Amino acid sequence: MISVEDFAKDAEKWFAENTPRDLDFMLPLTFMEVGTDQQFEFLQNWQRQVYDAGFLGAAWPSEYGGGGLTDAHQSAATKIMRAHNVPIMMNTIGLSWAGPLILDIGSEAHKKKYIKGILSAEDIWCQGFSEPENGSDLGNAQLRAVRDGDEYILNGSKIWTTHGHYGKYMILLARTNPDAPNKYAGLSFILTPMDVPGVRTQKIRKLTGEHGFTQTFFEDARVPADGLMGAEGMGWKIAMQTLEYERGARGGQAGGYSITEPDPLEILNLARDTGQLDNPVVRDDLIDYIIDAQSLNLNGQRAKIGALVRDNPAGLPLMDKLAKTEFAREINQYALTLQGTRSAYYVEEPNAVDGGWWHRSYLNAFSATIGGGTSQIQRNIIGEHVLGLPKSY
Amino acid sequence: MISVEDFAKDAEKWFAENTPRDLDFMLPLTFMEVGTDQQFEFLQNWQRQVYDAGFLGAAWPSEYGGGGLTDAHQSAATKIMRAHNVPIMMNTIGLSWAGPLILDIGSEAHKKKYIKGILSAEDIWCQGFSEPENGSDLGNAQLRAVRDGDEYILNGSKIWTTHGHYGKYMILLARTNPDAPNKYAGLSFILTPMDVPGVRTQKIRKLTGEHGFTQTFFEDARVPADGLMGAEGMGWKIAMQTLEYERGARGGQAGGYSITEPDPLEILNLARDTGQLDNPVVRDDLIDYIIDAQSLNLNGQRAKIGALVRDNPAGLPLMDKLAKTEFAREINQYALTLQGTRSAYYVEEPNAVDGGWWHRSYLNAFSATIGGGTSQIQRNIIGEHVLGLPKSY
Amino acid sequence: MTFDPQALGRLGITEEQVELMDVAENFCRDQTSIAAVREMMASGAALDISANKNLAEMGWFGITIPEEFGGIGLSLAEAVPVAEQIGKRLMMVPFIPTTVAAQAILTGGTRTQMETYLPKIVETGAATLALSEANGSFDLNDIESTAVLGPNGYRLSGTKILAENLDSSEILVLSAKVQNAVRLFVLDINLIPKTAMRREILIDETKRAFTVNLEGVTVPESAIMDAAKTAVTLQRIDLASNLLASAEQVGGAQSCIDYTVDYLKTRKQFGKLIGSYQALKHTIVDAYVSYEKARSLLYAAAHSFEEQGKGEAATRMAAVGAGRALSFAADRAIQFHGGFGFTYDCDAQLYRRRAIFHDSLFGNTRWHKQKLAALLFN
Amino acid sequence: MTFDPQALGRLGITEEQVELMDVAENFCRDQTSIAAVREMMASGAALDISANKNLAEMGWFGITIPEEFGGIGLSLAEAVPVAEQIGKRLMMVPFIPTTVAAQAILTGGTRTQMETYLPKIVETGAATLALSEANGSFDLNDIESTAVLGPNGYRLSGTKILAENLDSSEILVLSAKVQNAVRLFVLDINLIPKTAMRREILIDETKRAFTVNLEGVTVPESAIMDAAKTAVTLQRIDLASNLLASAEQVGGAQSCIDYTVDYLKTRKQFGKLIGSYQALKHTIVDAYVSYEKARSLLYAAAHSFEEQGKGEAATRMAAVGAGRALSFAADRAIQFHGGFGFTYDCDAQLYRRRAIFHDSLFGNTRWHKQKLAALLFN
């Protein structure tokens with residue numbers, strides 16, 4: 001097996017040569033922000049290239065399409081990707097949720113069928129958890145799945161499906177038993193093809209003006225029952241398990257990274273470019289953002305050092321999403337105040353500062369403070385699971 | 001009757017001549033902050049002087065000890081008191097709660113017995129609403145009052161009683177019927193003498209280090225039943241009525257003022273004295289406090305102009321306590337940051353800035369963000385009664 | 001140290017204001033709806049022509065114009081309730097730039113310019129201003145465009161940005177440097193070729209603004225305004241804009257809060273109305289408190305606008321209060337609408353974009369606070 | 001522009017730190033309790049003599065002192081976990097001033113001074129500093145005390161404030177101007193008459209500090225420290241104090257949050273545990289998040305303290321983080337304890353007073369941020 005050092009050297013060379021630069025369109029910070037077909041196709045192609053070069057899924061088993069190396073190899077490559085500020089790996093639901101889950105508890109047939117397409121971005125995956133009436137209350141999902149021989153018949157609707165209109169498969173949380181003793185016990189987790197009759201997606205326009213996600217309607221849609229993960233009634237448990245893959249609290253992600261984190265250097269550059277870096281009030285504000293960014297960065301480092309988190313091991317992982325997404329919203333919002341009269345502009349306006357990037361980033365930042373459990377829900381989770389406070393609902 | 005103008009002229013002259021200046025001890029901002037006997041006695045004497053001069057209770061009926069003039073007369077005098085920044089009128093529970101209530105619904109005997117002593121500060125009044133187990137949940141008061149002939153027998157305990165150890169009378173919220181259909185319906189409102197056997201007060205030390213209020217214990221204490229206000233079971237309604245007197249939402253207060261409002265001029269002076277007024281970051285912060293102080297001041301003016309509040313007439317009165325008390329806490333807290341190393345000091349330390357005034361004011365500010373319904377309860381009230389949001393508990 | 005809180009504007013109201021408040025509230029409610037605004041936004045319409053016509057018929061473009069020029073002859077204080085109601089409904093009418101342009105002409109125009117333009121403004125409401133430039137500065141003196149006097153008049157050069165409603169206006173007030181001194185001009189818009197105007201893409205899609213390339217445009221010598229009054233006119237433009245923009249934002253904050261409170265009263269999650277959760281309830285209460293404070297600051301600014309030494313401080317305070325109230329309310333409105341809040345269909349984004357737009361035009365919070373510190377502490 | 005986030009301190013830990021963390025946690029828990037602290041507070045005791053003796057026996061006053069002087073020979077990074085645990089228990093021991101005084105002597109003392117004083121410090125922990133003056137300035141160069149060389153040594157003049165634990169110390173580091181240049185001195189405390197010391201009334205009643213009148217005090221010529229090292233020593237005093245004070249505050253924030261969470265889990269109002277109300281729950285979560293961030297900043301500062309160009313920035317960031325975390329947690333702790341929070345008996349006030357005290361000693365948030373801006377942006 002190639003040494004981690006040599007692998008890192010190869011990665012360094014490859015990304016130095018192959019990272020796309022000077023595009024004439026804006027790249028999204030997260031997969032949720034993909035707003036145009038142009039962005040989508042570019043990123044799909046880019047993930048494919050990284051996979052072909054061996055720097056994505058390096059630690060996944062080679063018999064299913066992975067690189068057959070170790071987590072240390074993949075970490076090294078991922079670190080180099082960050083350092084080169086490369087475009088994100090866009091098939092995020094596949095790479096961080098479905099893939100790890102399938103490798104963890106899927107059948108041999110699942111692994112053969114799905115893993116390679118996840119890595120190569122040939123098969124786009126999406127997630128069907130939220131429903132129109134149950135945005136935060138995932139456990140209350142009502143989409144009905146009725147077993148009929150080798151199939152499930154699906155009826156209901158899922159919403160806020162990122163890449164829904166590109167998706168080949170969906171990880172679906174469905175109600176198989178409406179009479180279960182509690183709402184959670186009636187749920188099942190099903191790998192669902194989206195190209196079957198009765199499945200229809202409808203684009204939803206984001207507050208940015210772009211199209212980013214969809215609502216998916218299921219009308220007597222028949223899907224193979226072998227997509228059931230675990231057993232019927234285990235859906236909630238498995239969904240929580242996938243959340244842990246995402247949080248990185250368990251290993252198993254394919255690597256790469258799917259979120260470009262806000263870098264205070266960028267806002268410093270903006271302040272300098274707009275002539276505000278000499279303003280003591282602005283300097284004072286910027287120092288706050290730098291301290292905050294640094295503390296989040298350090299939280300990440302500390303989470304890996306057992307001795308420094310032993311009193312509350314769940315604390316840092318569980319606060320990560322809240323702290324980072326609120327920070328992103330705030331720093332992008334602040335950036336608008338540095339632009340003077342030009343903050344009146346938006347994307348595609350030639351007079352706009354940085355092409356309207358900051359405005360769009362601010363609006364898009366809500367996708368992360370709302371999606372995947374709102375910041376308010378995150379505070380409940382931290383309060384209850386880390387501090388042991390009583391439930392609020 | 002003397003004209004308001006002439007009355008105001010007399011008041012102007014009297015306060016110009018008689019307002020005490022250059023005391024060698026600190027005066028409290030509110031009656032809740034009276035921390036020493038020296039302060040208490042000084043303020044009691046001062047209220048007596050103002051009353052004797054005719055500038056307190058000017059609008060209350062002359063047959064009970066008031067001045068027999070109009071609200072306009074008293075308002076003019078009160079305004080002049082504020083302008084001269086005179087010491088507060090300290091018998092606040094009497095002046096703003098008990099007195100107006102007695103004048104409103106008390107018997108002729110009540111009026112004859114109580115009103116004059118309230119105005120002259122000879123009879124100190126205190127309030128017995130909160131209990132140790134029911135700080136915010138006043139409606140759950142458990143102090144038991146059992147009717148026995150012409151008396152009530154009281155058992156239980158009240159807490160956070162300002163001036164409890166000086167008090168001659170208490171306005172008491174007691175449970176006369178434990179079996180009432182709901183917790184509110186079992187309460188009665190009783191004017192209670194405190195110098196009877198079975199009533200014992202115990203001083204509570206405040207976080208400032210001073211003694212400010214008491215817990216009051218009732219053990220088979222017998223009090224005259226003619227202290228009952230309204231009828232049995234109406235206690236909650238009457239208590240809410242007294243709140244309205246306090247908020248000024250109904251007229252009837254004796255006048256004067258019982259709270260010295262924070263003045264941003266003072267913090268400006270502090271910033272100048274400590275050489276911080278040239279620091280652009282401090283200037284920026286101070287502007288926020290000035291804007292905030294100004295908006296609170298203007299809220300008060302606007303509340304009196306019907307056309308400017310008609311869409312939400314309850315809004316300004318109900319937010320007044322929340323906004324002012326949180327502002328006071330914040331501005332006093334901020335003041336500490338202007339003092340450099342000397343902010344390490346506290347009251348009575350010769351090196352302390354302004355004799356430690358700011359530190360004590362900050363700590364005392366919690367009496368107002370906690371007492372009389374915490375800021376959290378205030379937000380519930382505004383949310384429910386102004387915005388019509390559903391209850392939180 | 002000149003700061004005296006008592007001197008910082010008191011609050012009061014005129015009978016005319018009360019009257020206009022009533023009329024404006026009813027008028028604006030009847031004139032439009034969010035659905036109609038969204039339709040115009042999508043169509044790319046220049047403005048709401050029908051509402052605008054009705055506004056003109058009510059005489060509201062002339063509220064602040066003296067009767068001798070055909071106006072109603074009231075003050076800016078009376079324009080405030082109108083702007084507030086227009087803001088509440090997100091109406092696409094050029095009330096603010098028109099009123100401010102009229103103020104500019106009244107303050108710094110020659111008698112002839114007043115007689116020429118003011119009656120027209122009352123009639124059509126079709127006036128605007130072109131002051132800002134690509135440097136993004138809030139300082140109206142910080143410009144580079146020039147005007148050079150030649151045989152045919154002033155030959156202009158440079159580029160202006162953020163000229164609101166230019167394509168639907170007839171009269172333009174613009175600034176340019178004449179021999180290194182900033183000067184103001186008022187002119188017929190048809191002196192500027194259509195090809196010199198480019199419609200800009202704004203964060204607030206209910207607003208319209210243009211970049212104007214002045215290269216080669218020549219205006220008659222009579223277009224130049226009174227040199228001695230340039231400074232006071234620029235100051236008036238700045239403050240009048242901020243006063244009316246504050247009113248528009250306060251109105252917007254009100255409807256944004258109402259819109260969100262309605263959702264909190266009807267949307268359930270985890271079996272309970274989400275408005276019963278204190279995380280949402282208390283925060284929207286804070287937004288409401290912030291809005292009420294902003295309203296008080298606004299009415300005080302309106303009341304003391306004309307008072308020397310008070311008007312500026314009161315107006316900048318109102319601008320800070322209004323900007324914060326709307327920004328905060330709208331930011332939280334997006335968040336509290338959850339997934340729906342992240343959609344284009346949710347109105348929360350309209351208010352948030354509106355707040356960003358206003359923070360851009362004549363100074364944001366930081367700018368106003370800096371000006372206030374200089375006013376009050378120096 | 002020298003700012004590079006990657007250069008701003010990384011996080012790591014030494015085996016010695018882990019070990020000291022364990023030992024310190026157990027030791028401090030066993031040594032004291034809040035009840036004992038309150039008793040000493042009330043008694044006016046100079047310090048917790050028994051705990052102090054045990055601390056000395058553990059050798060902890062010598063953690064950062066090289067072995068040749070009798071110390072353990074570790075770095076300030078290893079003193080951090082000890083200060084954190086001391087802070088968590090509000091222990092009345094002079095760990096911080098002693099450790100910082102030792103750092104001062106190590107950095108700017110002569111060989112003889114090191115040999116004279118450092119072993120004594122290891123043994124007794126009885127060293128402190130007198131630097132600040134009545135002007136309240138955080139700038140250690142901003143002093144007016146003077147030292148004039150005469151036949152019997154330096155004759156001192158001026159007044160020092162906030163000399164911690166002076167009555168229970170044996171060794172003192174102080175600053176005074178010699179011919180207009182700030183210089184440092186180290187001396188036996190018995191050179192200063194008891195009558196020249198006045199115990200101060202501090203906001204933090206678990207701390208002890210003194211005003212010292214230097215008028216007429218003469219110290220031997222040998223007391224003066226190395227002139228060439230004055231600047232670097234003052235810088236070291238500043239940063240070491242802030243590092244350890246941050247640790248003490250982080251520890252305090254932890255116990256303050258624990259204390260409050262316990263109350264939220266047991267106190268009922270309106271029939272429900274108050275910790276189920278989001279107004280309290282979410283706010284204490286925010287305090288907890290702030291505390292965890294402060295901890296990360298603290299450990300990073302410890303880890304990169306000795307690195308040129310990183311140590312200062314990392315330490316000042318830690319100071320900002322720790323100060324804010326404790327101030328916020330304690331302010332909310334008072335509020336969330338309701339009526340009880342307003343009493344002297346509630347521990348919330350102890351933490352709040354502690355935070356104010358730390359904001360006073362070697363720079364508050366605003367001061368550190370200003371220094372950071374100069375470091376990172378200039």
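Chain naming here is simple, since letters A, B, ... match the order of the sequence lines and numbering starts at 1 in each. No experiment lies behind these values; they were computed from the predicted model shown.
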*Asks:* Using the rule given for side-chain contact (heavy atoms from CB on, under 4.5 Å), can you reason through D:Arg316 versus A:Ile291, listing the C-alpha separation, both sets of side-chain angles and the distance that settles it, and then say yes or no?
*Replies:* CA-CA 10 Å; D:Arg316 295 202 188 281; A:Ile291 294 176; over 6 Å; no
*Asks:* Is the number of heavy atoms from other residues, nucleotides or ligands within 6.0 Å of NZ (A:Lys183) greater than 12?
*Replies:* yes
*Asks:* For atom CD of A:Glu133, decide whether the heavy atoms of other residues, nucleotides or ligands shown that lie under 6.0 angstrom number more than 12.
*Replies:*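 Check fails, neighbour count at 12 or below.
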*Asks:* I want to check something: taking the side chain as every heavy atom from C-beta on, are D:Lys293 and A:Asp292 in contact at a cut-off of under 4.5 Å?
*Replies:*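 Yes, close enough: below the 4.5 Å cut-off.
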*Asks:* Charged N to carboxylate O under 4.0 angstrom, A:Asp285 versus D:Lys369?
*Replies:* no
*Asks:* List the atom of A:Ala307, the atom of D:Met21, and the distance in Å for their closest heavy-atom pair.
*Replies:*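 Distance-wise, the nearest heavy atoms are O-SD, 3.9 Å.
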*Asks:* Does CD in D:Glu19 sit with more than 12 non-hydrogen atoms of other residues, nucleotides or ligands closer than 6.0 Å?
*Replies:*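 No, CD of D:Glu19 has 12 or fewer neighbouring heavy atoms, counting only those of other groups under 6.0 Å.
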*Asks:* Using non-hydrogen atoms only, which part of D:Asp286 is less than 4.5 Å away from chain A: side chain, backbone, both, or neither?
*Replies:* side chain
*Asks:* Could you tell me whether the side chain of A:Asn380 reaches within less than 4.5 Å of the side chain of D:His282, counting heavy atoms only?
*Replies:* yes
*Asks:* For the pair D:Phe377 and A:Ile287, evaluate side-chain contact (heavy atoms from CB on, under 4.5 Å) and give the outcome as yes or no after the intermediate values.
*Replies:* CA-CA 10 Å; D:Phe377 301 154; A:Ile287 288 294; 3.8 Å; yes
*Asks:* Sort A:Ile305 into side chain, backbone, both or neither according to what part of it lies under 4.5 angstrom from a heavy atom of chain D.
*Replies:*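 Contact with chain D is through the side chain of A:Ile305 alone.
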*Asks:* Going by atom types only, do A:Asn299 and D:Glu292 share a side-chain donor-acceptor pair under 3.5 Å?
*Replies:*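 No, no side-chain donor-acceptor contact under 3.5 Å.
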*Asks:* Compare all side-chain heavy atoms of D:Ser276 with those of A:Lys391 and state whether any distance is below 4.5 angstrom.
*Replies:* no
*Asks:* So which of A:Leu389, A:Val386, A:Leu322 has the biggest tally of heavy-atom pairs under 4.5 Å with chain D?
*Replies:*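 Top option by heavy-atom pairs under 4.5 Å: A:Leu389.
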*Asks:* Answer with yes or no whether the side chains of D:Arg295 and A:Asn312 bring together a donor and an acceptor at under 3.5 Å.
*Replies:* no
*Asks:* Taking A:Leu387's backbone N and O only, do any of them form a donor-acceptor pair with D:Lys265's side chain (distance below 3.5 Å, no angle check)?
*Replies:* yes
*Asks:* So do the side chains of D:Lys281 and A:Glu384 get within less than 4.5 Å of each other, counting heavy atoms only?
*Replies:* yes
*Asks:* Where do D:Met317 and A:Gln294 land on the side-chain contact (heavy atoms from CB on, under 4.5 Å) test, with the steps shown first?
*Replies:* CA-CA 9 Å; D:Met317 287 192 185; A:Gln294 176 68 355; 3.9 Å; yes
*Asks:* Just so I understand: if I count every heavy-atom pair under 4.5 Å between each of D:Asp258, D:Ile274, D:Asp22, D:Thr365 and chain A, which residue has the most?
*Replies:* D:Asp22
*Asks:* Return the minimal non-hydrogen interatomic distance between D:Leu273 and A:Pro390, and the atom names on each side.
*Replies:*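 Nearest pair, atom of D:Leu273 first, then A:Pro390: CB-CG, 3.8 Å.
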*Asks:* Please look at D:Val261 and chain A and tell me whether the side chain, the backbone, both or neither of the residue comes under 4.5 angstrom of a heavy atom of that chain.
*Replies:* both
*Asks:* Is any side-chain heavy atom of D:Val289 closer than 4.5 Å to a side-chain heavy atom of A:Gln378?
*Replies:* no
*Asks:* Can you check whether A:Gln301 reaches D:Tyr299 side chain to side chain, under 4.5 Å on heavy atoms?
*Replies:* no
*Asks:* Only pairs at least two apart or in different chains count here, so list each salt bridge (charged side-chain N to carboxylate O under 4.0 Å, His left out) that has a residue in residues 240-254 of chain D.
*Replies:*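 Every salt bridge (charged side-chain N to carboxylate O under 4.0 Å, His left out) pair that includes a residue of residues 240-254 of chain D, provided the two are not neighbours, is D:Lys207-D:Glu248, D:Glu248-D:Arg354.
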*Asks:* Which answer fits D:Gln254, side chain, backbone, both or neither, if we ask what part of it has an atom under 4.5 Å from a heavy atom of chain A?
*Replies:* side chain
*Asks:* Do you know the tightest heavy-atom contact between A:Ser295 and D:Ser296?
*Replies:* O-CB, 4.2 Å
*Asks:* Just do the side-chain contact (heavy atoms from CB on, under 4.5 Å) check on D:Leu11 and A:Leu308 with the steps written out, would you?
*Replies:* CA-CA 10 Å; D:Leu11 203 145; A:Leu308 296 180; 3.4 Å; yes
*Asks:* Could you state the interatomic distance from CE (A:Met319) to OH (D:Tyr291), rounded to the nearest 0.5 Å?
*Replies:*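 Nearest 0.5 Å value for the CE-OH distance: 9.5 Å.
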*Asks:* If you tally heavy-atom pairs under 4.5 Å against chain D, which of A:Leu296, A:Leu286, A:Asp288 wins?
*Replies:* A:Asp288
*Asks:* Which atoms of D:Gln370 come close to chain A, meaning under 4.5 Å heavy atom to heavy atom: side chain ones, backbone ones, both, or neither?
*Replies:*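 Contact with chain A: none, neither part.
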